[in-house]
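Quick notes on the structure that follows.
Naming: A, B, ... by sequence-line order, numbering from 1 per chain.
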There are 2 protein chains.
Amino acid sequence: MDKIKILVTDDHPMVLEGMQTMLSQISFVAITGLARNAYEAMELIKANSPHIVITDISMPEISGIELTEKIRKEYPEVKVIAMSTFNERSYISRMVQNGASGYILKSAGREEIEEAILTVQEGKLYMSIDLQMNQQEQQEISKTPLLTSREKEVLLLIAEGYTNPQIAAKLFVSPYTVDSHRKNLLTKFDVNNTAGLIKLAAKHGLV
Amino acid sequence: MDKIKILVTDDHPMVLEGMQTMLSQISFVAITGLARNAYEAMELIKANSPHIVITDISMPEISGIELTEKIRKEYPEVKVIAMSTFNERSYISRMVQNGASGYILKSAGREEIEEAILTVQEGKLYMSIDLQMNQQEQQEISKTPLLTSREKEVLLLIAEGYTNPQIAAKLFVSPYTVDSHRKNLLTKFDVNNTAGLIKLAAKHGLV
DNA sequence: TGATCAATCCCTGTTTCGGGGGATTTTTCT
DNA sequence: AGAAAAATCCCCCGAAACAGGGATTGATCA
């Protein structure tokens, strides 16, 4: 019986060590590499062709989200399990969209990691039980409005504290245009003033 | 020669494992306990009287900040090293105020942890080199304005999207009063409109 | 090729905000 | 008891935001 080959990517040595220890306690797992960033990860995938890559989401330079995307493209047979802290849950939807097969929290214990690996290896989707709860919150998070590029641009400038006329000057468009974008933002976020807008935008990590 | 007794507190098993592995590689260190939360930590301190407690900052129920406070009061001889992820740096000042002797990032390697332990054990303050940089940013972060309770109250309601008149109605005061508070908030945060206000407030974790 | 959507621009109101003043009463702490 | 800070209230004015319409140009795509 072949062991499942696993590669772990995280920029925190501590987490890397912890994963190593935990994974070494699982009999059917073989660690084929530990990467500190996406570059190392890609190299190690090439060299060792693991079955599963467990990757942190927030990493400097290339994020886990982008890494997942790369892996999907270049090594579609490799499964990806995303890993994050509790307060980064908002990335779940984006991660799954990008082709992640599983999602665990860094607070996961050995049992859960084991289960995640088995589930994913079977071709199924694994979601940490801690993430499944709270449908309401889940919905809210995934309910990030789809903004056009121009709207995002305007939103950022609004968050910086610029007024419509100032933004118009920066973007070389009419203040009326900026006002339209602003109104659309208010509608899309379903709020009725700037305060609510910025709060939600911040919540969704857009500012 | 006595070993330095260390207790580690973190709600992520992975980090706990990682720390254990790393600490076990340091000759002059003895791990006296691993706690998953502040309660366990306090018990283990009582039982094993460690020299140094390395604690995560963001933990459910009782945060590392509160834990530090407790330790300061009940066991003033025990040193505390705070541990956080890069994006939680804003807690540094509060941590140091509460009596932490050191501050490291979870991305720290074995060498840095070793150095932190030695420095703290000598009674000095240890700051991760990654945190020392960027004085400007540091200042900005510690520059969280001191708000009065009423101002905080108003700020929250503004962030919720309520207008001055609505807030006034909620607090049973005159709209003029709310306006005054709002103006004071703008002054204290040194911004000139609601957008900038909410953005900064979110940055400082106030909303 | 028609439909849809993004991006642009325009108008008219009303309301709120932001900046500038000043003032009084509580609370809090020394 | 007295100072300092917090909380309250008041006024004016111009600028901005909000709400409600509508319209035109391109690009994209079924």
Side-chain angles (χ1 to χ4, degrees), chain A residues 93-94 97 142-207, chain B residues 69 93-94 97 140 142-207:
Chain A
S93 53
R94 229 188 299 173
Q97 278 174 358
S142 64
K143 206 194 288 168
T144 306
L146 289 167
L147 304 182
T148 68
S149 60
R150 204 50 158 175
E151 281 166 354
K152 281 181 204 160
E153 213 170 341
V154 171
L155 175 57
L156 288 181
L157 291 169
I158 292 174
E160 290 301 321
Y162 294 108
T163 66
N164 284 350
Q166 290 173 330
I167 295 171
K170 273 184 186 292
L171 300 182
F172 302 106
V173 294
S174 156
Y176 290 118
T177 305
V178 178
D179 191 52
S180 288
H181 290 311
R182 190 184 209 117
K183 283 176 191 166
N184 287 334
L185 286 167
L186 290 178
T187 307
K188 286 190 177 180
F189 277 94
D190 193 27
V191 293
N192 43 23
N193 56 36
T194 306
L197 183 64
I198 304 300
K199 201 195 75 169
L200 280 187
K203 194 174 177 181
H204 292 279
L206 298 174
V207 295
Chain B
E69 216 171 353
S93 53
R94 229 188 299 173
Q97 278 174 358
E140 261 187 36
S142 63
K143 207 193 287 167
T144 306
L146 290 167
L147 304 182
T148 68
S149 60
R150 203 53 156 173
E151 281 165 354
K152 280 180 205 160
E153 213 170 341
V154 171
L155 175 57
L156 288 181
L157 291 169
I158 292 175
E160 289 302 321
Y162 294 107
T163 66
N164 284 349
Q166 288 173 330
I167 295 170
K170 274 186 184 289
L171 300 182
F172 301 107
V173 294
S174 155
Y176 291 119
T177 306
V178 178
D179 191 54
S180 291
H181 289 312
R182 189 184 209 117
K183 284 173 187 169
N184 287 334
L185 285 167
L186 290 178
T187 307
K188 285 190 177 181
F189 276 94
D190 193 26
V191 293
N192 43 23
N193 57 36
T194 305
L197 183 64
I198 304 301
K199 201 196 73 169
L200 281 187
K203 194 175 177 180
H204 292 283
L206 298 173
V207 293

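- By the 4.5 Å heavy-atom criterion applied to side chains, B/T163 and A/N192 are not counted as neighbours.
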Between the protein and nucleotides 24-30 of chain C, which nitrogen or oxygen pairs come in under 3.5 angstrom?
none

With 3.5 Å as the limit, what N/O pairs link the protein to nucleotides 4-8 of chain C?
residue	atom	partner	partner atom	Å
C/dA7	OP1	A/S149	OG	3.1
C/dA7	OP1	A/R150	N	3.4
C/dA7	OP2	A/T148	OG1	2.2
C/dT8	OP1	A/R150	NE	3.1
C/dT8	OP1	A/R150	NH2	2.8
C/dT8	OP2	A/R150	NE	3.0
C/dT8	OP2	A/H181	NE2	2.9

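- Among residue pairs with one or both ends in residues 169-178 of chain B, none qualify as salt bridge (charged side-chain N to carboxylate O under 4.0 Å, His left out); sequence neighbours excluded.
- Where the helix from C/dT1-D/dA30 to C/dT30-D/dA1 starts and where it ends, the local axes point in directions that differ by 70°; five pairs per end, rounded to 10°.
- Taking atom CD1 of residue B/I158 and atom C1' of nucleotide D/dA17, one finds them 15 Å apart after rounding to whole Å.
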Output a table of nitrogen or oxygen pairs between the protein and nucleotides 13-16 of chain C separated by less than 3.5 Å.
none

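- Residues from residues 191-201 of chain A that place a heavy atom under 4.0 Å from any atom of DNA chain D, listed by number: A/N192, A/N193, A/T194.
- A distance of 12.0 Å separates OG in B/S180 from CZ in B/R182, rounded to the nearest 0.5 Å.
- At a cut-off of 3.5 angstrom, counting only N and O atoms as typed in the model, there is a donor on one side and an acceptor on the other between the side-chain of B/K183 and the base of C/dG20.
- Between B/F189 and B/L197, the shortest heavy-atom contact is CD1-CD1, 3.5 Å.
- To the nearest angstrom, P of C/dC17 lies 14 Å from OH of B/Y176.
- Residues A/T148 and A/K188 form a side-chain contact, since some pair of their non-hydrogen atoms from C-beta on lies under 4.5 Å apart.
- Between A/L200 atom CG and A/L186 atom CG the span is 10.5 Å, to the nearest 0.5 Å.
- Summarising the geometry, the separation between OH on B/Y162 and P on C/dC17 is reported as 14 Å, rounded to the nearest angstrom.
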Shorter than 3.5 Å, N or O on both sides, protein versus nucleotides 25-30 of chain D: list them out with atom names.
none

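- Atom CZ in A/F172 sits about 18 Å away from atom C1' in C/dC9, given to the nearest Å.
- Using a 4.5 Å heavy-atom threshold, the side chains of A/L157 and A/L171 count as touching.
- B/R150 pairs by the salt bridge (charged side-chain N to carboxylate O under 4.0 Å, His left out) definition with B/E153, not counting sequence neighbours.
- Computed from coordinates, the A/D179 CG to D/dG20 P distance equals 13 Å when rounded to whole Å.
- When the side chain to side chain contact (heavy atoms under 4.5 Å, CB included) test is applied to A/L156, the partners found at least two apart in sequence or on another chain are A/V207.
- For the salt bridge (charged side-chain N to carboxylate O under 4.0 Å, His left out) test, residues two or more places apart in sequence or in another chain that qualify with A/K183 are A/D179.
- For A/T187, the side chain to side chain contact (heavy atoms under 4.5 Å, CB included) criterion is met by no residue, not counting sequence neighbours.
- Listed here is the closest heavy atom pair of B/A168 and B/S174: CB-C, 3.8 Å.
- Remark: B/A195 pairs with A/I158, A/T194, A/I198, B/N193 by the side chain to side chain contact (heavy atoms under 4.5 Å, CB included) rule, at least two apart or across chains.
- One interatomic measurement links the two molecules: CG of B/L186 to P of C/dG20, which rounds to 11 Å at whole-angstrom precision.
- Smallest separation of non-hydrogen atoms from B/I167 and B/Y162: CG1-CB, 3.6 Å.
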